Colleague: 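Quick one: the structure is below, and I'll ask about it shortly.
First the proteins, then the strands, lettered A, B, ... as listed; each starts at 1. Because the structure is a prediction, the values reported are computed rather than measured.
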Amino acid sequence: MSTPVIVNNTAAGTPPPALRKVEARENRIQRLSTGVLLAVIGLMLVWGTFGTAGDAKIALSDAFDAVQLPTIVLPGAVTVALCAVLVLGAALAYLSGRFNKRAMTIAGVVGGVALLIGFITWAAAGSMAVFTMTNQLQGTLAVATPLVFGALCGALSERAGVVNIAIEGQFLTAAFAGAITGSLTKSLLAALIAAILAGMAMGALLALFTLKYFVDHVVLGVVINLLAAGLTGFLFHQLVGSDTAKYNAVPIMQRIPIPGLEKIPFLGPILFNQTALAYLAILMVPAVWFLLFKTKWGLRVRAVGEHPHAADTVGINVVATKFSSVVLGGAMAGLGGAYFTIGSTGAFRPDMTVGNGFIALAALIMGRWHPVWAALMAVFFGFVTQLGQTLNPLGSPIDSQFLLMLPYVATIIAVAGLVGRVRAPAADGEHFVKE
Amino acid sequence: MSTATHEVASQAPEVLHLDGITKRFGSLTANDSITLGLVPGRIHCLLGENGAGKSTLMNILFGLLRADEGTISVGGNVLHLENPKQAMAAGIGMVHQHFMLIPVFTVAENMVLGREPGRFGKLDLNGARKLVRQLSDRYRLDVDPDALVEDLPVGIQQRVEILKALANDARYLIFDEPTAVLTPQEIDELMVVMRTLRDEGRAICFITHKLREVVAVADDITVIRRGKVVGEATPDASEGDLAELMVGRAVNLTVDKAPPTLGKERLVLTDFTVANAAGTIVVDHLNLTVSGGEIVCIAGVQGNGQTELAEALLGTMAVIHGTAILDGVDVTHMPPKKTIEAGLGFVPEDRQRDGFVGDFSIAENLVLNRTTSFSSVGNLDLGRIRSNADERIEEFDIRTSSQSQPVRSLSGGNQQKVVLARELSRPLSLLVANQPTRGVDVGAIEFLHNRIVKERDRDTAVLIVSTELEEVESLADRIAVMYRGRIVGVVEPDTPRDVLGLMMAGVPFEEAARSVEKSRTEHADV
Amino acid sequence: MSEELVEEKMMPATPAPVPARAPASRRWVSLVVTLISFVLAFVTGAIVMVVADPEVLGKFAYFFNAPGDALGASWDKISTAYSALLRGSVGSWLAITETTAQAAPLICAGLGVALAFRAGLFNIGAQGQAIWGAIFGAWIGFTIKGLPWFIHIPIALALAMVFGALWGAIAGFLKAKTGAHEVIVTIMLNYIALYMLQFLLTTPMLQQPGRSDPISSVVEFSATMPRLAGTRLTLGFFIALAAAVAVWWLLERTTLGFRIRAVGLNPHAAATAGMSVSRTTIVAMAIAGSLAGLAGAQAVLTPTLLTGFPTQLSLGIVGTVGFDAITVALLGRSRPLGVVLAGLLFGALKAGGLTMAAEAQTPSDLTNLIQALIVLFVAAPAFVLWLVPGLREKRPGADITAKAATA
């Protein structure tokens, strides 16, 4: 019995040769805006060169480290000038558009690093105090912790097709739940669980109202943020206002040095002397990646985010799949929210998340909805945020308000200038209506 | 060796009965007690106009919709199809009109979605690849399991859809308007596929509104109109009879038009080159001239740059090289506002997206691109907007209760009339209409075609983009065939379909004509 | 260069929550949904109030022994708070005028958010735009001296609107030219504006000489909105109403408004019809920003509520007007009349909230919560109708989605 032959086709099941390409419009916008941005910053550095006197001292280890590394002393004006030249060179590379992708990437990295070194040198030059690189990087990881969790939350819900503007609100609710539970029980674990549950509850609210009642995702996200602010604000004033000692004496997570690894020069104190939450954030990145890309559940999540009707026709329960992913994302946001209280300062304050949920969203977009890239972008934003705090005590030439603005400015630049052509999950934000 | 043939043959060939299926959406009855049977080993054509209720019926059969009344049964066993999973378990498979494939997934991922291999929740992609290879070997339908679906041509994507249904060993296979996106050659291949599957003992349900295909492949024919079965026919029925049955009255399949009286050259495209947002060159050094008083139709398979050509003429796409001259004026880089002022009338391909603002009233949509002429010092002249609407509604026979009704609520044909009424309500140098009758019922098609011819007779240059060869043949004074961004050739409207088909696959006219001639003589010899 | 739509690269564009004019039956349902949403929000608020009060909650511990205790305490708590809320908002002529005073900036900023909505833009940057309005309103207010009020106030308002417009236009520009999503950009701009205010309040431009804390000089009397004697009804409320009429005229009667609406409802069709989507986006955001700037100026040019004396610029001067504006616009369905009504309602909540905090020891944040809940329920008519099944049956064959019933 012969096999049934359907067609002796000539066209093989492979793509035809691609059509010729020119530079995509959005890539051109991205290239030019990056170039202009670098040029402007380069010129600012040039201008900064004239005002820079003295040396910048950059320490690679702090006084308490087991292994003391040398403190690098950079001649201020010369370093800033050199960095300015490098940044301007990178700007030219971008603006000319004559280079291939790899050369552009190299130019971008060189320009970016030169920009940072130049800026730090300019800010630290002439100061008696030392810019401690380990502090900066250790702080980066700490500050990036909620951003990483937020970005993972966003990845889980947006890959499932639910736009999540509500990360901020999830953070805030979780931070409050963690604080109050921690205060009442004096148990960090209970506080953490409460934070996770709060994040999941807000996630469930988002999922319920988008998936079942078809509220516009963005509108709902903003409303949830307002709801979270109102709820936590009211509860805070009502409870904590009445008895601060009882309701806002929050236990704080201590840093857990990992024996052995912590002693590695430079890297040790940065990577292996963090809170449990930071370690968890690092672990969650590959975990979420694995979930989304290597499991059956992940394939289904991505399917419902791209083309829910196709998923429906192969018998996948679209709404349940979306729901599970959004709620799991809520757990991530809950962990991120926990950082603000039990993970760092302890006490809760109304609106204490100051836009971090949105910065996490920006990291997600810059990371092209990929958990690993999004986490890296979150670390970048963490670096910028921490930079403001590290530079502040150095008595730098800029006002502290401008240093505090850094993460917000960086976010705008990132979403407006540096993000090229990115593609959200195709059905992100769409309602799935069965009939 | 166990093959599909064995499996299918080993089961008693049971007829799938749809009995008295009724489905209502609000006040609209989409299916009105429809009864038909799908017989294993036969191809059953379901023929009907757009909106006749064919797709609704098949969605009910596939478990995507639930019928209000009626039963579906196989061999006396009533099936309760609550969702596609149950339909698939009952041996029903569907090749969807809009492919149910996830573009950013690979073929393998698409194939296993919903019943993924692997243990402990982990996805086993190697198992998925193996499945694709087994199936494509078994049916000799070549597909690369690791290719991304979005990179594949539509013909191959459809093959993936078919394999997906076969992977489930569907015994009742629904093909929902499968030919809409294919070249004539690909359609022929699809017919072969359908016949082979039929000969294996599967029941095929073939949904279409194209008469030619019905006659070519059907064993049984059921015609539905406005949700009701209006007749059954045998494959030897004439196309005219089928058309009459489908539409409910005698239809004039051809457009009455006099031979063109050519005016001066109005649109001249020279080396016209367009890149899309991703930077891909989609119209490539295209040269074309359209004179006043003639209709030039751009024929071609969807996605060969026709839409981009039209949009670049309007100015919503970037022209990176070459020129477009309209009545002596260089309009190459003009924004839409200016090209519209220069006398370009534009009917977009996707009218819901580009043609009108659905939530705006008919009156507002009728002045959408002409607010300057209906206002004074920045204030809208509501009186004139209203009277304009009354005139256009009358002139274009737009069926509506009121001019303040949102256009969203109109039927497809009336929506398109609104768009055309707006564009034809001012003097034009050039009318560019992209798929002017897509998704429009036959009555409206006749009306729209006649209006377009009337516009031609006013010495307007008319450029029509259409993937429907019927439309091209009935409207065109000249046909320009487009393939991968270039014009393969400009030919007369009476060029045989097989030649056009080969040209649409990129074969130049002479070669195509020779090849068709050759195969004709070969067939004659046999 | 040809006009192209910059592709939205982050998230789907915000659909304007403004459907076409709906048939009367739908409008009726919509009204009922809104009313039920109010009830639901107040009920939820009451529950939160009880749960958050340890004293009352404590009584629930022995609920089954003495249910009267718990219920009575709950009722006391709720009725005290809500009656204070009612008294403070509509309880007297003074309270009513207080409501109008609170409503005025809400209406202005709400119009800003609503207008952006109509252009398909979600402006959550009204806060930052209002801050700039407050900065320049105050600056003109205390630096220029000796002008009559009918010249001084318009100048202050105009400059405030210009700077609000500029701040709004930044977001519009970035959206139009690079596709950066306005939600993220405007939120970030809010923080930047706040830090700018913080910074400027430490510079000689704004800081009151001799002060070390961030506070400006007191605004001149000539720049302070005249107030009807014995009430809190100021010129500001009438300016807000005039702004609403102007926005209505702009949207419904002008070609610019026609373009804004078309772009908001269907940018593709608008572009195909020759409208410049990017220019419309920038202009819409600028106008939206100017309205929010007007709200910010009102905050510094309105006399202090209790004394009637001019006020001075401080860090918290605009309060949460930008965020309240979002709820106002959403509840008002982005229509000027709706915004006025929603502004009055939330103004009443604010006015009552102050009384509630003072007299019933209930934090005024409760009103923020109630506001957010109202909007949440109003945005989800399907949810409200699910809760109230009787209503659903009255609409034959209705599949209610957010779109259908936001009408």
Colleague: Checking heavy atoms, do the side chain of A:Phe236, its backbone, both or neither come under 4.5 Å from chain C?
Modeller: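 Neither part.
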Colleague: Report yes if some heavy atom in the side chain of C:Asn368 is under 4.5 Å from a heavy atom in the side chain of A:Leu226; otherwise report no.
Modeller: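 Counting from C-beta outward, C:Asn368 and A:Leu226 never come under 4.5 Å.
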Colleague: Can you check whether C:Ile326 reaches A:Val223 side chain to side chain, under 4.5 Å on heavy atoms?
Modeller: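 The answer is no, as the side chains (C-beta and beyond) never meet within the 4.5 Å cut-off.
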Colleague: Taking all non-hydrogen atoms of both residues, which atom of A:Val415 and which atom of C:Ala180 are closest, and how far apart?
Modeller: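 Result for this residue pair: O-CB, 3.6 Å.
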Colleague: If I measure from the heavy atoms of chain A, does C:Leu366 come under 4.5 Å with its side chain, its backbone, both, or neither?
Modeller: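 Both backbone and side chain of C:Leu366 come within 4.5 Å of chain A.
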Colleague: Quick check: do A:Gln238 and C:Gln361 have side-chain heavy atoms less than 4.5 Å from each other?
Modeller: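 Sidechains of C:Gln361 and A:Gln238: no contact.
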Colleague: Non-hydrogen atoms of chain A under 4.5 Å away: do they reach the side chain of C:Gln371, the backbone, both or neither?
Modeller: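 Nothing of C:Gln371, per the 4.5 Å heavy-atom cut-off to chain A.
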Colleague: If I measure from the heavy atoms of chain A, does C:Leu174 come under 4.5 Å with its side chain, its backbone, both, or neither?
Modeller: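 Side chain only.
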Colleague: Measure the shortest side-chain to side-chain distance between A:Phe234 and C:Thr362 over non-hydrogen atoms and say whether it is less than 4.5 angstrom.
Modeller: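 Side chain of A:Phe234 against side chain of C:Thr362, heavy atoms only: contact under 4.5 Å found.
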Colleague: I'd like to know whether A:Thr411 forms a side-chain contact (heavy atoms from CB on, under 4.5 Å) with C:Val185, so could you lay out the CA-CA distance, the side-chain angles of the two residues, the decisive distance to 0.1 Å, and finally the verdict.
Modeller: CA-CA 8 Å; A:Thr411 305; C:Val185 172; over 6 Å; no
Colleague: Contact between C:Tyr191 and A:Pro407 at the side-chain level, heavy atoms closer than 4.5 Å - yes or no?
Modeller: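 C:Tyr191 does not reach A:Pro407 side chain to side chain.
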Colleague: Quick one: does A:Phe358's side chain get under 4.5 Å of C:His181's, heavy atoms only?
Modeller: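 A:Phe358 does not reach C:His181 side chain to side chain.
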Colleague: Can you tell me which portion of C:Ile124 sits under 4.5 Å from chain A's heavy atoms? Options are side chain, backbone, both or neither.
Modeller: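 Just its side chain gets close to chain A.
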Colleague: Can you tell me if C:Phe173 has over 12 outside heavy atoms packed within less than 6.0 Å of its CZ?
Modeller: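 No, CZ of C:Phe173 has 12 or fewer neighbouring heavy atoms, counting only those of other groups under 6.0 Å.
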Colleague: Between C:Leu189 and chain A, with a heavy-atom cut-off of 4.5 Å, which part of the residue counts as in contact: side chain, backbone, both or neither?
Modeller: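 For C:Leu189, the contact with chain A is made by backbone and side chain together.
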Colleague: Run the ring-centre check on A:Phe402 versus C:Tyr195 and record whether the distance is less than 6.0 Å.
Modeller: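 When the ring centroids of A:Phe402 and C:Tyr195 are compared, they turn out to be at least 6.0 Å apart.
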Colleague: Do the side chains of A:Val219 and C:Val375 get nearer than 4.5 Å, heavy atoms only?
Modeller: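 No. Closest side-chain heavy atoms not under 4.5 Å.
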Colleague: What part of C:Ile187 lies closer than 4.5 angstrom to a heavy atom of chain A: side chain, backbone, both or neither?
Modeller: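 Looking at C:Ile187, just its side chain touches chain A.
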Colleague: Which atoms of C:Asp53 are under 4.5 Å from chain A, going by heavy atoms: the side chain, the backbone, both sets, or neither?
Modeller: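 Backbone plus side chain of C:Asp53, per the 4.5 Å heavy-atom cut-off to chain A.
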Colleague: Taking all non-hydrogen atoms of both residues, which atom of A:Leu235 and which atom of C:Ala52 are closest, and how far apart?
Modeller: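 Heavy atoms only, the tightest pair is CD2-CB, 3.2 Å.
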Colleague: Tell me, do C:Thr178 and A:Ser33 make a side-chain contact under 4.5 Å, heavy atoms counted?
Modeller: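 The answer is no; the side chains never approach within 4.5 Å.
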Colleague: Side chain, backbone, both or neither: which part of A:Ile359 has a non-hydrogen atom closer than 4.5 Å to chain C?
Modeller: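 Interface part for A:Ile359: both.
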